[in-house]
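I have placed the structure first, in the form of structure tokens, so that the comments after it can refer back to it.
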Amino acid sequence: MEALKDVRILDMTHVQAGPTCSQLLAWMGADVIKFENPQGDATRGQLRDVPGADSLYFTMLNCNKRSITVNMKTAEGKAVFIDLLKKCDIIMENFGPGVLDRFGFTWEKIHEINPRIVMGSIKGFGSSGPYADFKAYENVAQAMGGAMSTTGMPDGPPFVTGAQIGDSGTGLHLAIGLLAALHQAARTGQGQYVEVAMMDGVMNLCRVKFRDHQRLTRGDLPEYSVPTYKGMGDVPRAGNDSGGGQLGNAIHCKPHGANDWLYVVVQEAVWAAIAKRIGPDIGMPDLATDPHFATIDERRKNQQLMWTLINKFAEKYTKREFMAILNPLDVPCGPIMSTEDLATDEHIRGREMYVELDHPQRGKWWNIGMPIKLSASPARIERSPLLGEHTDEVLKEVLGYDEARIGALKQAGAFSTPPKKKA
Ligand SMILES: CC(C)(COP(=O)(O)OP(=O)(O)OC[C@H]1O[C@@H](n2cnc3c(N)ncnc32)[C@H](O)[C@@H]1OP(=O)(O)O)[C@@H](O)C(=O)NCCC(=O)NCCS
């Protein structure tokens, strides 16, 4: 049985941050009703690769959901919303600041309508403080949450990371909050408001950078390959440094293309083995006992030279060959995997992390699978819904409306965009 089988979610989220969360909960078995503006989630039409079909941006974030369109700018639409609120355990949204309030549904009002319901809300910066009124997208959150200032090469500009830590990262945070609040509601009968700000979520993921920020008040950061000093203030960008207690870096391998790199962690325990293996090949048979690298402190001090030597050795090998040399030595390492590498990787396919689906508009396509594996309730991944595909089904099955009532509501424009007025 699915873990969240009896949980029903009124999902007003759009774009990426919210849908990431509701898709995960749907994969855990929740009945997620995607409550859409009659024009649909804007991502349905963004970056379209197949004319007339829902975009991959939409399909990859909205699997296993049902779609209902409701026009919240009509009295009839609001009445349907209220009826759904009474039948759901969770309501979630990630509108710009104040949108739901403008519809007349503050958290207080929602709580009054259904005291058990848990409400999840994602905002760029939360509902309090000087930034509360601002909208946000992924890279704005990465910029303001500390990720960009600490990502990139030391002498280059700040960089965003490819991982969507602002959007998808915030969605993950929200999922945790919602499940905790749901657990509490089961005990107390009372729902609560769960808020995650994208900026807060990114800062949480940059936690170790604030470890280093405070360490800089006491001394330098010897594990960084760039110069640092006591009182420096800002944590510097440190390229591909490991960021942990062990030294690490990306090593360029044959044939030296864009992704021909192996990330190698020179863990304290494995230095001697690495040095014995690579030393003779690079003309340094005594590397393992060389005083420049004998202790971790020495290796930190001389790490640029150490990386140069490891790079020299790696020149003759591909990333997979170098990995095969290091694995028996118990060296933590991994090839830089391109999207193509991953899409065709046996390990990934075996773990159902890249799954093929069918879609009535676009045919075969691929989604990233469910990364959280529950032994008693494995995820069953199903395609995303078409716009309003389940409007009638939800009205009948969840709300118990009959055909006549549905017809009257349709007539009143509860589920559609009003026709444009002629000038
Ligand atoms: C993502 C974001 C920047 C997009 O901004 P946007 O396209 O202007 O969309 P908003 O959420 O501000 O507004 C949605 C509009 O659709 C309307 N709308 C939404 N659902 C509707 C419905 N069912 N019926 C009628 N209208 C609806 C709202 O009323 C609002 O219009 P208004 O401004 O006239 O009130 C903004 O939603 C945001 O900052 N969200 C919070 C942070 C976030 O999640 N960002 C990451 C997204 S991946």
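Position 1 is the first residue of the sequence; numbering continues from there. Order of listing sets the numbers, starting from 1, for every ligand and every atom in it. For clarity, every value in this text was computed on a predicted model and none was experimentally measured.
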Check whether any side-chain N or O of Thr391 sits under 3.5 Å from a backbone N or O of Gly388 as a donor-acceptor pair, and report yes or no.
yes
Going by atom types alone, do [X] and [Y] pair a side-chain donor with an acceptor below 3.5 Å?
X: Gln192; Y: Gln184; result: yes
X: Asp101; Y: Thr106; result: no
X: Thr20; Y: Ser168; result: yes
X: His173; Y: Asn204; result: yes
X: Ser121; Y: Glu93; result: yes

Taking only heavy atoms of [X] into account, list the atoms of ligand 1 that are under 4.0 Å away from them.
X: Gln16; answer: 48 (S)
X: Gly124; answer: 42 (C)
X: Lys135; answer: 3 (C), 5 (O), 6 (P), 8 (O), 12 (O), 39 (O)
X: Ile122; answer: 41 (C), 44 (O)
X: Ala136; answer: 3 (C), 39 (O), 42 (C), 43 (C), 45 (N), 46 (C)
X: His14; answer: 4 (C), 9 (O), 11 (O), 37 (O)
X: Asp167; answer: 46 (C), 47 (C), 48 (S)
X: Val15; answer: 47 (C), 48 (S)

Would you kindly specify which portion of [X] sits under 4.0 Å from ligand 1, judged on non-hydrogen atoms: side chain, backbone, both or neither?
X: Thr170; answer: neither
X: Asn71; answer: both
X: Arg102; answer: side chain

Could you tell me if the ring centre of Phe322 sits under 6.0 Å from that of Phe313?
yes
Is the distance between the ring centroids of Phe95 and His14 under 6.0 Å?
yes
So which heavy atom in the protein is nearest [atom], and how far is it from that ligand atom?
atom: atom 43 (C) of ligand 1; result: Met198 SD, 3.5 Å
atom: atom 16 (O) of ligand 1; result: Asn37 ND2, 3.8 Å
atom: atom 24 (N) of ligand 1; result: Met72 N, 2.9 Å
atom: atom 36 (C) of ligand 1; result: Gly96 N, 3.5 Å
atom: atom 31 (O) of ligand 1; result: Lys73 NZ, 3.7 Å

Under the salt bridge (charged side-chain N to carboxylate O under 4.0 Å, His left out) rule, what pairs show up with a residue in residues 7-26, not counting sequence neighbours?
Arg8-Asp31, Asp11-Lys65
Report yes if some N/O of [X] lies less than 3.5 Å from some N/O of ligand 1; otherwise report no.
X: Val70; value: yes
X: Ala17; value: no
X: Phe103; value: no

Cation-pi geometry met for Lys123 and Phe125 (6.0 Å, 45°):
no
Cation-pi check for Tyr401 against Arg405: NZ or CZ below 6.0 Å from the six-membered ring centre and within 45 degrees of the axis, yes or no?
yes
Taking the side chain as C-beta and beyond, is there a heavy-atom pair between Asp358 and Arg383 under 4.5 Å?
no
Who's closest to [atom] heavy-atom-wise, of [options]?
atom: atom 40 (N) of ligand 1; options: Asn94, Thr69, Leu174, Ile68; answer: Asn94
atom: atom 20 (N) of ligand 1; options: Phe415, Phe125, Phe95, Tyr137; answer: Phe95
atom: atom 30 (C) of ligand 1; options: Val140, Asp101, Val99; answer: Val99

Looking at residues at least two apart in the chain, or sitting in another chain, which of them share a side-chain hydrogen bond (donor to acceptor under 3.5 Å, both in side chains) with Ser338?
Asp341
For atom 22 (C) of ligand 1, is there a protein heavy atom at a distance under 4.0 Å?
yes
Going by heavy atoms, is Phe134 under 4.0 Å from ligand 1?
no
Using the rule side chain to side chain donor-acceptor pair (under 3.5 Å), only one of Gln23, Lys34, Arg44 pairs with Asn62; which is it?
Lys34
